[in-house]
Amino acid sequence: MKKISIFSLMILLLAVTGACREEFLQTEPTETVSSPSAEFKLNGLYLLMVETATGGTTGHDDFGQKGYDIYTDLLSSDMVLGGTTYGWYSNIANYSAPVDFTTNPNYIPWRYYYKLINAANDVIEGLGGNDAQLSGTDKYAMGQAKAIRAYAYYNLLQLYTPKYDAAALSIPIYKEVTAQSGPKAPQSEVYDFMIDDLTKSIALLDGFTRKNKGIVDKNVAKGILAYVYAAKGDYPKVVQVAGDLVSTSPYPLTTKAQATGGFNRLETASWMWGFDITLDNDLDLISWWGQVDIFTYSYAWAGDPKAMDENLYNSIRADDVRKTQFDGSYEGVEYLPTNKFFDPNREIGGQRVIETDYIYMRIDEFHMLYAEALAKTGQIGLAKTVYKNFLSNRLTDTSYIDGLSEPQLIADIYTNTRIEFWGEGKTYSALKRNKATVTRGANHLFYEGQSFNYDDNRLYLKIPQAEVIANPNL
């Protein structure tokens, strides 16, 4: 008998989850479409991103998108696991999980992202399929589903391939709901599919006004597309897309005051996409806040804190407000993000049920990505102007940038990307697209002082054993 792949089981699992969680799926975000079934599925698609156990386990690192943001921050070495009292993420921090395809860290992101893809495909099928001609709210729903499908494939490629290689076989593509397991597709095919999805999404979402920032709109789709082009090294296209976002989107840069005001509120003007966590979402210690924030009653406070790499901290200029984001210490662990991410009550171990919000994307990312792409396409003068404009919100004096050579400018933008987006799940992709080497600082518990190239076998996940066994087409 032919074995059923992990992906194939998701259709049944989604139906069961939907039936059991109908009341929960009424929670934000929501967007009315003409088909009640499509509306229900679309809302469920967003909620998958914050629910626990969506990676198929009961592990306390299995809580949706933000859980894998921690994976990538640790894999990049910019985030330090400062203790192993409970052991969550230890096998990511010590690089043992990525070389052992039997471990859960390889399994749960794979299952989660394909579950997200299947849910998006379900929405698309309910709206008439990939090529349906739609109008009004159904058109907007299609645009959202296509963007999230591409977002899932982008994250899978980042996590499960060592680098961009157009011809290399990578991961299966599922363009519609199916019970059949698929073969690995060349990276070029996956990238083409993502670009097609996102290009269509941007067109479909033109004119759409969302009810809240938990919903994907045209600007979010553009942001994902900019990252896709950057991952494949198409920097002229990054200049075009990121530059368009910088010049036309309504989002202002995160101010110097906001940089230390707590990255905890979805209504922050610079935030483009996130999730408004409420008591109804029923998140507690199994959450991003539980794993990172010492002001939350959970692991960061109780023995497994997350800190900035010491080398990265030391690279922050003395006149940079971000230095104060990481000047916290607790129980002997330094460089904690106590002035970047914190529950507003600021009581150690205080927040029991999570009400602080999740961030997925902010406009600052695209100012920095635009500057990076300009520098990498030889537009040095404009790159410096964009870069200085951004850093003027962080530094007292940006004049040093004027004297940087092209390689120095690219290196400095990369360093400041790592500093700016620490803890937001962005620095792993920056490591890979810059083809960089990272050297771990003295505060790492594992491999202190050792260097790792971006495509090291230990720095990316492997297709999990369960899928290898169940999918005969890999």
Side-chain angles (χ1 to χ4, degrees), residues 5-19 21-22 25 29-49 51 54 64-65 110-157 171-182 185 189-208 210-211 214-218 220-225 228 273 360:
S5 71
I6 293 172
F7 175 83
S8 305
L9 291 172
M10 292 173 188
I11 300 169
L12 175 60
L13 290 168
L14 248 166
V16 172
T17 301
R21 300 297 299 275
E22 184 169 357
L25 292 176
T30 185
E31 191 63 41
T32 301
V33 296
S34 62
S35 166
S37 175
E39 179 181 7
F40 178 85
K41 291 174 182 178
L42 187 60
N43 201 37
L45 180 59
Y46 288 112
L47 287 161
L48 278 174
M49 296 181 68
E51 286 191 89
T54 47
Q65 178 58 43
W110 181 270
R111 179 178 172 127
Y112 162 76
Y113 284 116
Y114 276 113
K115 191 171 185 178
L116 201 62
I117 289 163
N118 189 70
N121 283 337
D122 201 27
V123 172
I124 291 166
E125 183 178 276
L127 291 166
N130 285 296
D131 299 319
Q133 299 300 306
L134 303 169
S135 61
T137 54
D138 284 351
K139 180 181 74 168
Y140 300 148
M142 178 70 80
Q144 293 169 63
K146 283 180 177 286
I148 293 175
R149 181 168 66 181
Y151 178 72
Y153 279 118
Y154 168 77
N155 281 283
L156 281 166
L157 283 178
I171 59 174
I173 300 177
Y174 299 97
K175 300 182 180 181
E176 56 190 21
V177 176
T178 177
Q180 297 299 312
S181 53
E189 186 177 335
V190 187
Y191 274 93
D192 287 347
F193 184 52
M194 289 188 291
I195 291 167
D196 182 67
D197 256 358
L198 290 164
T199 302
K200 289 176 179 175
S201 172
I202 291 165
L204 288 163
L205 291 169
D206 189 43
F208 172 56
R210 58 187 176 175
K211 292 183 178 179
I215 297 167
V216 167
D217 68 358
K218 181 171 68 174
V220 172
K222 285 181 182 179
I224 301 168
L225 181 59
V228 170
W273 185 29
Y360 298 147

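The analysis underlying the following values was restricted to heavy atoms, covering all of them including side chains, and did not include hydrogens, waters or symmetry mates. Because the structure is a prediction, the values reported are computed rather than measured.
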Quick check: closest heavy atoms across [X] and [Y], and the distance to 0.1 Å?
X	Y	value
I117	A152	CG1-CB, 3.5 Å
M142	L127	N-CD1, 3.6 Å
V123	L42	CG2-N, 3.8 Å
A147	A221	CB-CB, 4.3 Å
D206	Y140	O-CE2, 3.8 Å
L134	D138	CD1-O, 3.6 Å

*Can N118 and R149 be counted as having a side-chain donor-acceptor contact under 3.5 angstrom?*
no

_Side chains of Y174 and Q180, donor plus acceptor under 3.5 Å_ =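 No, Q180 and Y174 have no side-chain donor paired with an acceptor closer than 3.5 Å.
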
*T199 side chain to I195 main-chain N or O, any donor-acceptor pair under 3.5 Å?*
yes

*Verdict with supporting geometry, V228 and Y153, side chain to side chain contact (heavy atoms under 4.5 Å, CB included)*: CA-CA 10 Å; V228 170; Y153 279 118; over 6 Å; no

Any side-chain heavy atom of [X] sitting closer than 4.5 Å to one from [Y]?
X	Y	result
Q144	L205	yes
V220	Y360	no
I224	K222	no
K218	F208	no
Q65	N155	yes

*Could you list the residues that satisfy side-chain hydrogen bond (donor to acceptor under 3.5 Å, both in side chains) with D192, not counting sequence neighbours?*
none

*Partners of K139 by side-chain hydrogen bond (donor to acceptor under 3.5 Å, both in side chains), sequence neighbours excluded?*
none

Report the distance from atom [atom1] of [X] to atom [atom2] of [Y], rounding to the nearest 0.5 Å.
X	Y	atom1	atom2	value
Y191	D196	OH	CG	16.0 Å
I148	L198	CD1	CG	11.0 Å
K115	D122	NZ	CG	12.5 Å
L225	M194	CG	CE	9.5 Å
R210	I215	CZ	CD1	8.0 Å

*asked:* Walk me through whether M49 and T54 qualify under side chain to side chain contact (heavy atoms under 4.5 Å, CB included).
replied: CA-CA 8 Å; M49 296 181 68; T54 47; over 6 Å; no

_Evaluation steps, side chain to side chain contact (heavy atoms under 4.5 Å, CB included), between Y154 and V190_ = CA-CA 9 Å; Y154 168 77; V190 187; over 6 Å; no

_Quick test of your reading: applying salt bridge (Lys or Arg N to Asp or Glu O under 4.0 Å), list the pairs with at least one residue in residues 128-137, sequence neighbours left out, ordered by first then second residue._
none

*asked:* Using the ring centroid of each side chain, check whether Y151 and W273 are separated by less than 6.0 Å.
replied: yes

*Please lay out, stage by stage, how W110 and I171 fare under the test side chain to side chain contact (heavy atoms under 4.5 Å, CB included).*
CA-CA 10 Å; W110 181 270; I171 59 174; 3.8 Å; yes

